[in-house]
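Just the heavy atoms: all of them, side chains too, but no hydrogens, waters or symmetry mates, feed the values below.
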Amino acid sequence: MTSKIRTRIAPSPTGFLHLGTARTALYSWAYARHHGGEFVLRIEDTDVARSTQDSVDQILQSMHWLGLDYDEGPIYQMQRLDRYQAVIEQMLAAGSAYRCYTTPAELDALREQQKARGEKTGYDGRWRPEPGKTLPPVPEGVQPVIRFKNPRDGEVRWDDLVKGEIVIANKEFDDLIIQRADGVPTYNFAVVVDDWDMGITHVFRGDEHINNTPWQINIYQALGAPLPLFGHLPVILGDDGLKLSKRRGAVAVSNYEDGGYLPEAMLNYLARLGWSHGDDELFSREQLVTWFDGTHLNKSPAQWDAAKLTWVNAHYMKQADDTRLASLVAAQLARRGHQADAERLAPMCALFKDRCATTVELADWLAMYFAPVTPSPEDRAQHVTDALRPALAALAARLQTCAWEKAAINQAIKDTIGEFGLKMPQLAIPVRVLVCGRAQTPSVDAVLALFSREEVVARLANA
């Protein structure tokens, strides 16, 4: 009987949740959900100098925003030091690990000598115990690191879930430090103990980890622990063809939340950024879970396409519930110092959302309802002419007394057009410029009906 599938995501809290990590989390989550398995969140916080609680909070918030619910966690590595120490002692006793007293200065000197001889740099095994070998005397005052006794012969081979069979010779790897002199474990050791203890069966991660995997597989085997299956995902490239980086654009999930994108759009776009289901471009979270069986993962890097994400988001904007959009836009407006009632915003969102790709764009439109507008001099000169001022005044007078709803406003506009012998654009565009600050809007009667009567009349008076 096969064990329950368990996947995990294990970000380091040294910054925000990166888009690449978010995609890995999404694939790990979807794979577990597809197979009725479990998804674990682990925080790899052994980099004590750079880890922060603020980063943890941002990671948890971004996971929540994306809807990537986890069955266990967050589990923190720094709360598991006793467990790592117990495994270290076990490995020392078994001879699969050893104490190394080589100082950082000695390692630096060794590397320089190797470079001078044109050799590959690496630890030379001077403290590695071997039959018949005499080790150097233990120096006083030097706290040792613990190294893994990596096999010197043979090769490591695994069938990667993404890339197929990978084979790397053991001679390519030196004896890895698995515990620093301060007693804190290193990544390649802690991750093995964690995944072993947590029963992780499938590990999805970025392909920058491929060179770590042989060390990890050898540590698993030294511990007699079952091996998970590994899937190494290609990097995401930016618009410039280089690896997506915070030095070249927005790579934090939180940037996109703040930028007015919807989580279902980000989830949809991230899923397609390295995986496909036929020609389907748009799909729900439920469809993703149904389809994501771990196949059809791309072996080559994916290209981040901001325009494509915006297109996907515009699709979900059109489908979004107006009340939900209203609360998101209210938050966007609040950042600009405008207090907006979500109940009043909902019909505005319904009217304007079809022409917006993000909630920021929607807030750009709806700000005119909550703050004064300043038409451009060009629009005023072109559309608000002396010849039209009498018609604008007559319309303002009609709007003072008509019922304040779309049909009555439309009739007031038509009556004014008829009185002055105008065509609809000749009056509607100047009204838009004065009331909305721009020449193009949805249907003018619908737009005006969402203002207060007093605000519309006052802005028309600016003619």
Side-chain angles (χ1 to χ4, degrees), residues 6-33 39-47 50-77 161-162 187-188 190-191 194-195 198 200 202-213 216 228 230-238 242-259 261 263 265-275 288 292 294 297-298 301-304 306 309:
R6 284 170 61 86
T7 65
R8 50 76 165 174
I9 190 66
S12 299
T14 56
F16 45 70
L17 186 68
H18 186 282
L19 290 169
T21 307
R23 183 188 65 170
T24 303
L26 172 59
Y27 288 175
S28 301
W29 172 87
Y31 190 80
R33 294 289 174 261
F39 176 56
V40 178
L41 171 62
R42 185 168 71 234
I43 303 294
E44 298 193 338
D45 56 349
T46 55
D47 188 346
R50 297 173 59 225
S51 297
T52 68
Q53 185 59 45
D54 183 57
S55 293
V56 172
D57 294 342
Q58 286 194 41
I59 289 168
L60 296 180
Q61 165 57 25
S62 293
M63 292 280 289
H64 175 73
W65 181 68
L66 288 169
L68 301 181
D69 55 310
Y70 37 91
D71 302 290
E72 289 180 28
I75 298 164
Y76 296 89
Q77 286 186 321
L161 295 167
V162 179
Y187 163 76
N188 278 303
V191 73
D194 289 341
D195 286 344
M198 295 167 199
I200 302 303
H202 295 72
V203 174
F204 292 95
R205 58 190 179 194
D207 60 8
E208 68 270 18
H209 286 289
I210 283 178
N211 284 339
N212 291 323
T213 303
Q216 293 175 18
F230 297 96
H232 291 89
L233 304 165
V235 298
I236 301 174
L237 303 178
L242 300 174
K243 182 179 177 182
L244 209 59
S245 162
K246 62 185 176 183
R247 291 186 295 275
R248 298 186 307 279
V251 295
V253 171
S254 55
N255 290 145
Y256 291 89
E257 180 181 3
D258 295 343
Y261 290 82
M266 178 59 80
L267 186 139
N268 188 153
Y269 180 70
L270 278 177
R272 278 292 281 116
L273 205 63
W275 168 85
L288 171 62
F292 196 92
L297 287 163
N298 295 349
Q303 182 102 30
W304 183 262
L309 171 61

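With hydrogens and angles ignored, the 3.5 Å screen pairs a side-chain donor or acceptor of Ser28 with a backbone N or O of Thr24. Side-chain N or O atoms of Arg23 include one that pairs as donor or acceptor with a backbone N or O of Leu273 at under 3.5 Å.
Checked against His232 for a side chain to side chain donor-acceptor pair (under 3.5 Å), the options Thr213, Asn212, Asp207 give a single hit: Thr213.
Evaluation of the side-chain contact (heavy atoms from CB on, under 4.5 Å) rule for Asn298 yields no partner, not counting sequence neighbours.
Under the 3.5 Å distance criterion, with hydrogens and angles disregarded, no donor-acceptor pair is assigned to the side chains of Gln77 and Asp45. Judged purely by distance below 3.5 Å, without hydrogens or angles, the side chains of Arg6 and His202 never pair a donor atom with an acceptor atom.
The aromatic rings of Phe204 and Tyr31 stand perpendicular to each other, their planes meeting at an angle above 60°, with 30° marking the opposite boundary.
Taking CG of Leu17 as the reference point, atom CD1 of Ile59 lies at 6.0 Å (rounded to 0.5 Å). Phe16 contributes atom CZ, which lies 15.5 Å from atom CD of Gln61 (distance to the nearest 0.5 angstrom). Here the CZ atom belonging to Phe230 is positioned 9.5 Å from the CG atom belonging to Leu161, to the nearest 0.5 angstrom. Taking CG of Asp54 as the reference point, atom CD of Gln58 lies at 5.0 Å (rounded to 0.5 Å). Distance OG1/Thr21 to CD1/Ile236: 9.0 Å, rounded to 0.5 Å. Atom OG of residue Ser254 and atom CG of residue Asp57 lie 12.0 Å apart, to the nearest 0.5 angstrom.
Considering only heavy atoms from C-beta on, Arg8 stays 4.5 Å or farther from Ile75 through its side chain. Under the 4.5 Å side-chain criterion, counting only non-hydrogen atoms from C-beta, Trp29 is not in contact with Leu66. Counting heavy atoms from C-beta outward, Tyr27 and Leu270 have side chains that stay 4.5 Å or more apart. Side-chain contact between Tyr70 and Leu60: present, with at least one pair of heavy atoms (C-beta onward) separated by less than 4.5 Å.
Across all their heavy atoms, Leu26 and Ala271 have their closest contact at CD2-N, 3.6 Å. Between Phe39 and Ala25, the closest heavy-atom pair is CZ-O, 3.8 Å. The minimum heavy-atom distance linking Pro11 with Arg42 is given by the pair CD-O, 3.3 Å. Closest of all the heavy-atom pairs between Asn188 and Val191 is O-CG1, 3.5 Å. Here the shortest heavy-atom pairing between Leu297 and Gly294 reads CD1-O, 3.4 Å. Contact between His18 and Leu244 at its shortest, heavy atoms only, is NE2-O, 3.6 Å.
Aromatic rings from Trp275 and Phe292 are positioned such that their centres are separated by under 6.0 Å.
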| request: Would you sort out whether Leu19 and Met266 count as a side-chain contact (heavy atoms from CB on, under 4.5 Å), showing the intermediate values? | output: CA-CA 10 Å; Leu19 290 169; Met266 178 59 80; 4.2 Å; yes
| query | side-chain contact (heavy atoms from CB on, under 4.5 Å) between Leu68 and Arg33: does it pass, once the steps are laid out? | reply | CA-CA 10 Å; Leu68 301 181; Arg33 294 289 174 261; over 6 Å; no
